[in-house]
Trainee: 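Supplied in structure tokens, the structure appears directly below.
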2 protein chains.
Amino acid sequence: MNNPCGQHQHPHRLIQQPLDELTDRLRRHSRRVTGPRQAILDVLRRHQTPMSNRDIHAALGQMCDLATVYRNLHTLEGMGLVRRFDLGDGAARFELVTPEDDGHHHHLVCTRCSLVVEIDDCFPPEFEQALAQRHRFARISHRLEFFGVCSRCEAGESRPGPVEA
Amino acid sequence: MNNPCGQHQHPHRLIQQPLDELTDRLRRHSRRVTGPRQAILDVLRRHQTPMSNRDIHAALGQMCDLATVYRNLHTLEGMGLVRRFDLGDGAARFELVTPEDDGHHHHLVCTRCSLVVEIDDCFPPEFEQALAQRHRFARISHRLEFFGVCSRCEAGESRPGPVEA
DNA sequence: ACATGATTGCAAACAGGTTGCAAGAACCAC
DNA sequence: GTGGTTCTTGCAACCTGTTTGCAATCATGT
């Protein structure tokens with residue numbers, strides 16, 4: 001994997017984090033280790049790609065209310081255990097973040113079947129610095145996602161639900 | 001204005017397009033030139049930064065229903081007269097596109113006051129090509145927006161409504 | 001001017017997400 | 001363990017952005 005300018009790139013999602021380690025992180029933030037929370041973390045750690053609140057709720061079976069999922073992801077995001085992504089279809093997606101990795105990376109989304117590929121490339125941070133200076137902005141960050149049509153869909157074997165372009 | 005790799009960049013919004021030219025484009029697409037449409041185009045051509053449906057509706061005064069604004073922007077987007085942006089706050093924004101320029105560009109948004117700065121820099125198209133090939137995706141495009149805190153806000157002179165981080 | 005079909009206003013309906021409140025756990029201290 | 005304090009949860013109502021059905025209205029070709 002190289003990158004736009006042969007430079008920056010973010011490694012991530014190398015291995016699944018043990019569930020205990022995750023719940024420990026909850027405790028360290030003085031958050032209670034509840035059934036729904038463990039279940040949500042467990043679902044997330046088994047997943048490679050970002051999941052929506054609805055996805056997670058579905059994966060949980062009738063374990064808890066959808067509102068609980070929303071609240072917990074909000075909490076987890078605040079704790080930095082989870083990172084929010086916007087894949088452009090109006091629903092927030094979440095991925096687990098490891099303590100080492102800040103979770104910064106991007107995605108390539110198939111606009112036909114919603115297949116998501118994790119992308120580690122990114123443009124060099126110096127670019128952002130330059131932008132910040134030029135426009136006198138502080139604490140600059142960015143959001144970048146790619147869209148396209150995966151080979152299966154391109155070949156005609158269309159399937160599930162689409163995401164907007 | 002340079003760019004991430006000293007390469008690609010999209011010039012845009014050089015001058016206001018005459019209103020007649022815009023309505024002509026409507027006719028060419030066999031769309032009727034109605035009051036609301038002209039007004040919407042007129043509001044957009046006077047604006048430098050992307051406007052939400054609500055913004056436009058407000059700028060129009062009680063000229064037409066909000067639903068009409070939504071429908072028209074959808075139509076205009078389909079015709080390629082307007083381009084949709086997602087600045088991350090849950091409301092779609094639109095900017096007029098000139099016939100020459102495809103409207104591809106990005107924004108730097110202040111997360112405190114919502115100030116928007118138009119950004120012409122972008123990473124080189126070859127990068128997207130490479131991504132496409134590597135993951136066997138076709139027709140790749142991307143969405144990129146920057147967020148930060150503008151100098152005024154950083155200086156403490158906070159004001160209007162925020163946008164998410 | 002007329003006919004005709006696109007367009008509009010209005011209200012209802014949606015979807016994602018948030019929130020108030022009372023009931024139900026976790027967790028700490030004893 | 002027991003008990004209480006405080007965080008969480010379920011539920012239902014609510015909010016915002018956006019879409020849609022339908023009848024009334026208006027822009028356009030003739």
Side-chain angles (χ1 to χ4, degrees), chain A residues 19-20 22-41 50-58 60-79 81-82 84-94 114 161-165, chain B residues 19-20 22-41 50-58 60-79 81-82 84-94 114 161-165:
Chain A
L19 188 52
D20 305 359
L22 292 170
T23 53
D24 276 353
R25 293 226 256 157
L26 280 177
R27 291 204 181 78
R28 259 176 260 132
H29 283 265
S30 9
R31 295 297 182 166
R32 296 185 177 172
V33 179
T34 68
R37 273 184 192 156
Q38 292 185 77
I40 289 171
L41 288 171
M51 300 179 79
S52 67
N53 287 283
R54 190 172 296 285
D55 291 340
I56 297 172
H57 182 243
L60 255 44
Q62 292 297 54
M63 152 151 277
C64 72
D65 196 81
L66 182 55
T68 298
V69 175
Y70 276 102
R71 278 192 278 232
N72 275 317
L73 284 164
H74 193 254
T75 300
L76 294 172
E77 185 189 12
M79 295 170 52
L81 265 176
V82 136
R84 176 189 300 256
F85 291 95
D86 174 0
L87 266 35
D89 66 345
R93 307 293 169 105
F94 300 87
S114 297
V163 161
E164 64 113 40
Chain B
L19 188 52
D20 305 359
L22 291 170
T23 53
D24 275 354
R25 291 226 255 159
L26 281 177
R27 292 204 180 79
R28 260 177 259 132
H29 282 265
S30 7
R31 296 297 183 162
R32 297 188 175 172
V33 179
T34 68
R37 273 184 192 155
Q38 293 185 76
I40 290 171
L41 289 171
M51 299 179 82
S52 68
N53 287 284
R54 189 172 295 284
D55 291 339
I56 297 171
H57 182 242
L60 256 44
Q62 291 295 53
M63 154 152 274
C64 72
D65 196 81
L66 181 54
T68 297
V69 175
Y70 275 101
R71 277 192 279 233
N72 275 317
L73 284 165
H74 192 255
T75 300
L76 293 172
E77 185 188 13
M79 294 170 52
L81 264 177
V82 136
R84 175 188 302 254
F85 291 94
D86 175 1
L87 267 34
D89 66 345
R93 306 293 170 106
F94 300 87
S114 298
V163 162
E164 63 112 43

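We use all heavy atoms of the structure for the numbers below, so side chains are in, but hydrogens, waters and symmetry mates are not. Please read all numbers here as calculations on a predicted model, not as lab measurements. In what follows, every chain begins at residue 1, and chains take the letters A, B, ... in the order their sequences are listed.
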Trainee: If a protein heavy atom is under 4.0 Å from the base, mark B; if only from the sugar-phosphate, S; if neither, -; do that for nucleotides 19-30 of chain C going 5' to 3'.
Mentor: BB----BBS---
Trainee: Taking only residues two or more places apart in sequence, or in another chain, which ones meet B:D55 in a side-chain hydrogen bond (donor to acceptor under 3.5 Å, both in side chains)?
Mentor: B:S52
Trainee: Can you tell me how far P of C:dA15 sits from NE2 of A:H57, to the nearest Å?
Mentor: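 Those two atoms, NE2 and P, are 16 Å apart.
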Trainee: Specify the separation, in whole Å, of atom CZ of B:R37 and atom P of C:dG9.
Mentor: 11 Å
Trainee: Would you kindly give the CG-to-C1' distance between B:L73 and C:dT8, to the nearest whole Å?
Mentor: 15 Å
Trainee: Given atom CG of A:D55 and atom C1' of C:dG16, what is their separation to the nearest angstrom?
Mentor: 13 Å
Trainee: Figure out the CD/P separation between B:Q62 and C:dT8, and round it to whole Å.
Mentor: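 Atom-to-atom, B:Q62 to C:dT8, this comes out as 16 Å.
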Trainee: Quick one: is B:N72 getting a side-chain N or O under 4.0 Å of the C:dT7 phosphate, OP1 or OP2?
Mentor: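 Answer no for this pair, as no side-chain N or O of B:N72 is under 4.0 Å from OP1 or OP2.
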Trainee: Minimum heavy-atom separation for B:R25 to B:M79, with atom names?
Mentor: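 Result for this residue pair: O-CE, 3.8 Å.
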Trainee: Both A:A91 and B:M63 contact DNA chain C. Which one's nearest nucleotide lies toward the 5' end?
Mentor: B:M63
Trainee: Do the side chains of B:L41 and B:L76 get nearer than 4.5 Å, heavy atoms only?
Mentor: yes
Trainee: Measure the CD1-NE2 distance between A:I40 and A:H57 for me, rounded to the nearest 0.5 Å.
Mentor: 9.5 Å
Trainee: Compile the donor-acceptor pairs under 3.5 Å between side chains in residues 65-72 of chain A and protein atoms, sequence neighbours left out, one pair per line.
Mentor:
{"residue": "A:D65", "atom": "OD2", "partner": "A:A67", "partner atom": "N", "Å": "2.8"}
{"residue": "A:N72", "atom": "OD1", "partner": "A:R37", "partner atom": "NE", "Å": "2.8"}
{"residue": "A:N72", "atom": "ND2", "partner": "A:T68", "partner atom": "O", "Å": "3.2"}

Trainee: Would you give the length of the straight line joining atom CZ of B:R32 to atom OG1 of B:T75, rounded to the nearest 0.5 angstrom?
Mentor: 13.0 Å
Trainee: What residues form a side-chain contact (heavy atoms from CB on, under 4.5 Å) with A:M63, not counting sequence neighbours?
Mentor: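 Residues passing side-chain contact (heavy atoms from CB on, under 4.5 Å) with A:M63: A:A39, A:L60.
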Trainee: Check every nucleotide of DNA chain D for an atom under 4.0 Å from a heavy-atom of chain B, then give the first and the last such nucleotide from 5' to 3'.
Mentor: D:dG17 to D:dT28
Trainee: Note down the inter-axis angle between the two ends of the helix from C:dA1-D:dT30 to C:dC30-D:dG1, five pairs each, to the nearest 10°.
Mentor: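 One end axis against the other gives 40°.
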Trainee: Quick one: B:L41 CG to C:dT7 P, roughly how many Å, whole number?
Mentor: 13 Å
Trainee: How long is the span from the CG atom in A:L73 to the CD1 atom in A:I56, to the nearest 0.5 Å?
Mentor: 4.5 Å
Trainee: So do B:L26 and B:T34 actually touch side chain to side chain, heavy atoms under 4.5 Å?
Mentor: no
Trainee: To the nearest angstrom, how far is A:D89 atom CG from C:dG16 atom C1'?
Mentor: 10 Å
Trainee: Can you list the residues that meet the salt bridge (Lys or Arg N to Asp or Glu O under 4.0 Å) rule with A:R28, with sequence neighbours excluded?
Mentor: none
Trainee: Can you name the residues that form a side-chain hydrogen bond (donor to acceptor under 3.5 Å, both in side chains) with A:Q38, not counting sequence neighbours?
Mentor: none
